[in-house]
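All values below come from the heavy atoms of this structure, side chains included, with hydrogens, waters and symmetry mates left out. Here is the naming used below: chain letters follow the sequence lines, and residue numbers restart at 1 for every chain.
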Number of protein chains: 2
Amino acid sequence: MENLELYRAFYWTAVERNLSRAAERLFITQPSVSHAIKQLEEALSVTLFNRMPKGVTLTEVGALLFEHVDKAFRELESAERQIAEINNLVRGELRIGSSDSLCKYYLLPHLGQFYNEHPDIHLDLVHGTTPEIIRQVKDGRIDFGIVRLPLNDDSLVTLEATVVQDCFVAGGRFAELASKPLSLADLAAHYPIILFAKTSSSRQFIQELAAQLGVELQPEIELASVDLLIEFAKAGMGISFVTKQFVMNELEAGELTELKLKESIPPRRIGIVYMKNRRLSPASRALIEQHLQVKLP
Amino acid sequence: MENLELYRAFYWTAVERNLSRAAERLFITQPSVSHAIKQLEEALSVTLFNRMPKGVTLTEVGALLFEHVDKAFRELESAERQIAEINNLVRGELRIGSSDSLCKYYLLPHLGQFYNEHPDIHLDLVHGTTPEIIRQVKDGRIDFGIVRLPLNDDSLVTLEATVVQDCFVAGGRFAELASKPLSLADLAAHYPIILFAKTSSSRQFIQELAAQLGVELQPEIELASVDLLIEFAKAGMGISFVTKQFVMNELEAGELTELKLKESIPPRRIGIVYMKNRRLSPASRALIEQHLQVKLP
DNA sequence: TAGTTGATATAGACAGGAGTAATGGCAATG
DNA sequence: CATTGCCATTACTCCTGTCTATATCAACTA
């Protein structure tokens with residue numbers, strides 16, 4: 001068939017058994033329906049309706065066709081209904097990528113509420129390094145990513161989500177260091193430093209900062225997770241470089257203490273990134289605007 | 001959706017993963033496809049494709065939609081294929097109505113050959129009185145009818161199919177009557193007459209003919225089937241009024257003998273009738289033209 | 001039997017929109 | 001860094017789907 005719209009006229013005519021009523025359903029006039037049916041009949045070289053004095057009835061072939069057209073239309077309706085549901089947030093999928101610890105400490109708390117409000121939206125969280133996240137955003141495998149800024153990529157939209165402050169924390173026998181300001185050089189020279197693994201942006205950040213200050217930062221211990229950084233510091237194994245917001249609980253509980261550093265550590269911006277030429281899914285928009293409280297353009 | 005044609009563009013784009021190739025499939029240009037996809041996306045308020053440097057890929061929603069569109073299209077294709085088969089006589093249905101004995105003696109012999117040639121065309125034979133057949137033709141319940149002519153109904157097409165000759169036949173002890181010509185009055189007065197039931201056109205025919213000749217035809221025996229008319233005559237129970245063509249076998253075998261009547265019985269025309277404003281199915285056309293050897297207009 | 005009602009079919013005109021050609025922009029590739 | 005192979009945009013053309021008006025037909029109805 002060269003024109004699927006004809007099937008719509010056929011469908012309603014078959015349902016209503018009356019061209020005029022079908023026309024009303026289709027919001028067109030009766031001659032248009034008549035014409036459409038005729039075109040369809042000619043295209044298929046069959047008679048689909050018996051024209052009776054008081055309406056039309058399906059021929060055998062018409063009835064055969066109707067069965068299939070009916071199924072096809074139900075199929076399309078079903079698809080459209082499901083898409084409407086996705087648009088209305090009653091179902092859908094939310095795929096978010098976040099680098100390293102941002103997932104647990106920034107995203108997770110907000111996701112809880114989102115999940116309560118939209119339990120049928122399937123969550124898919126991936127984590128990886130910032131380049132990995134960017135890659136997946138570009139490939140369309142995730143809806144958006146949460147990464148540390150700055151980022152310069154013209155094909156991405158970057159929204160500042162929050163700002164975090166890194167700091168050195170100590171616990172156990174090193175807790176007393178908190179009383180007096182220290183310089184980074186002092187720390188590096190006299191205390192065991194615990195840093196995140198080399199690949200992390202956090203590690204690169206402090207390493208570069210130290211280098212600018214002419215300090216060579218050589219960690220005593222390298223760990224692959226923020227949780228371990230915290231635990232090692234709590235155990236008094238050394239001084240961990242962590243994001244302050246991520247250790248709030250421990251600081252308030254007195255299990256960790258923030259060291260006063262003579263040099264100031266610049267805050268680091270956390271951003272939401274997604275493809276410029278791609279529309280965010282309704283679920284993404286809802287999460288970003290309503291839960292993460294980030295204003296979308 | 002207000003325009004089903006957009007789904008076609010969507011379908012091929014999803015299959016080809018490339019707007020330009022989809023355009024080729026659709027015999028339109030790439031910008032048209034691009035435009036169509038865009039319209040569909042706006043109508044559904046979703047993004048269906050990720051535009052990649054080397055083509056497009058389906059988004060999650062796009063993939064969901066594709067499943068359904070694919071099914072819908074298969075459904076329509078299936079319908080169109082079946083209709084094509086009906087047009088090509090590899091399948092279909094043939095619904096024929098014939099009054100009384102015409103079915104067995106005229107139609108059946110030809111149907112055998114038709115069935116051999118087109119074994120997958122379903123045959124549906126209905127028989128009834130001429131008015132019943134006409135009614136069913138008009139209601140579209142049968143494709144065409146085979147009835148005795150004349151018939152004056154402007155909404156029907158009437159084609160003369162064959163001509164039959166009625167006659168009186170006898171068997172057994174009455175067979176000797178065949179040697180000398182008899183008048184209808186003689187027959188009516190001195191011999192037991194066996195006629196078909198009152199409702200039949202055959203009965204009305206001979207009754208009217210007799211009345212015109214001033215003869216009152218009072219049957220000794222009334223029967224409801226041609227077979228019984230034949231059997232009773234063969235058994236010598238009386239003289240049956242039958243269609244000569246229907247008793248050919250018995251005449252040739254000598255089981256029955258045709259009486260010589262002084263009056264001539266006019267031949268009766270048998271016709272094919274169908275609705276003027278309805279197209280005959282391919283199967284009907286084939287049977288009528290090729291097997292019944294009746295030329296269609 | 002003429003008139004009415006409730007259907008579908010046909011004819012002709014018109015406007016909206018699908019399609020086109022030309023062009024631009026972008027990303028990957030060698 | 002030019003080339004290639006994509007998709008998007010624009011401006012214009014022309015087709016076709018739709019409309020109005022009218023014809024036609026069958027079944028009632030008075």
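Between R51(A) and E41(A) a salt bridge is recorded (basic side-chain N to carboxylate O distance below 4.0 Å). Ion pairing between a basic and an acidic side chain is recognised when a charged N comes within 4.0 Å of a carboxylate O; K295(A) and E289(A) show no such pairing.
Taking the six-membered ring where tryptophan is involved, the planes of F114(A) and H291(A) are perpendicular, since the angle between them exceeds 60° and thus also 30°.
The side chain of S32(A) lies closest to dC19(D), out of dT8(C), dC19(D), dA8(D). For K38(A), the listed nucleotide lying nearest its side chain is dT10(C); candidates were dC7(D), dT10(C), dA21(C). Residue T29(B) has its side chain nearest to dA21(C) when only dA26(D), dC7(D), dA21(C) are considered. The listed nucleotides are dA8(D), dC7(D), dT10(C); the one nearest the side chain of N18(B) is dC7(D). Of the listed nucleotides (dC7(D), dA21(C), dA27(C)), dA21(C) has the atom at the smallest distance from the side chain of P31(B).
Residue contacts shown for N3(A) are limited to sugar-phosphate atoms, with no base heavy atom under 4.0 Å away. Residue Q30(A) is in base contact, counting any heavy-atom pair closer than 4.0 Å across all strands shown.
Here dG6(C) presents its C1' atom at 17 Å from CZ of R17(A), a figure rounded to the nearest Å. Rounded to whole angstrom, the span from the CE atom of M52(A) across to the P atom of dT24(D) amounts to 23 Å. Note: CZ (F27(A)) to C1' (dG17(D)) measures 17 Å, nearest angstrom.
In this model, the phosphate group of dT8(C) is approached by a side-chain N or O of S20(A) to a distance below 4.0 Å at OP1 or OP2. Applying the 4.0 Å criterion to OP1 and OP2 of dC6(D), one finds that R51(B) has every side-chain N and O outside that range.
With hydrogens and angles disregarded, a donor-acceptor distance shorter than 3.5 Å links the side chain of N3(A) to the backbone of E5(A).
Nearest-nucleotide assignment on DNA chain D puts the 5′-proximal partner with R21(B), out of Q39(A) and R21(B). Between I28(A) and K54(B), the residue anchored closer to the 5' end of DNA chain D is K54(B), taking for each the nucleotide with the nearest heavy atom.
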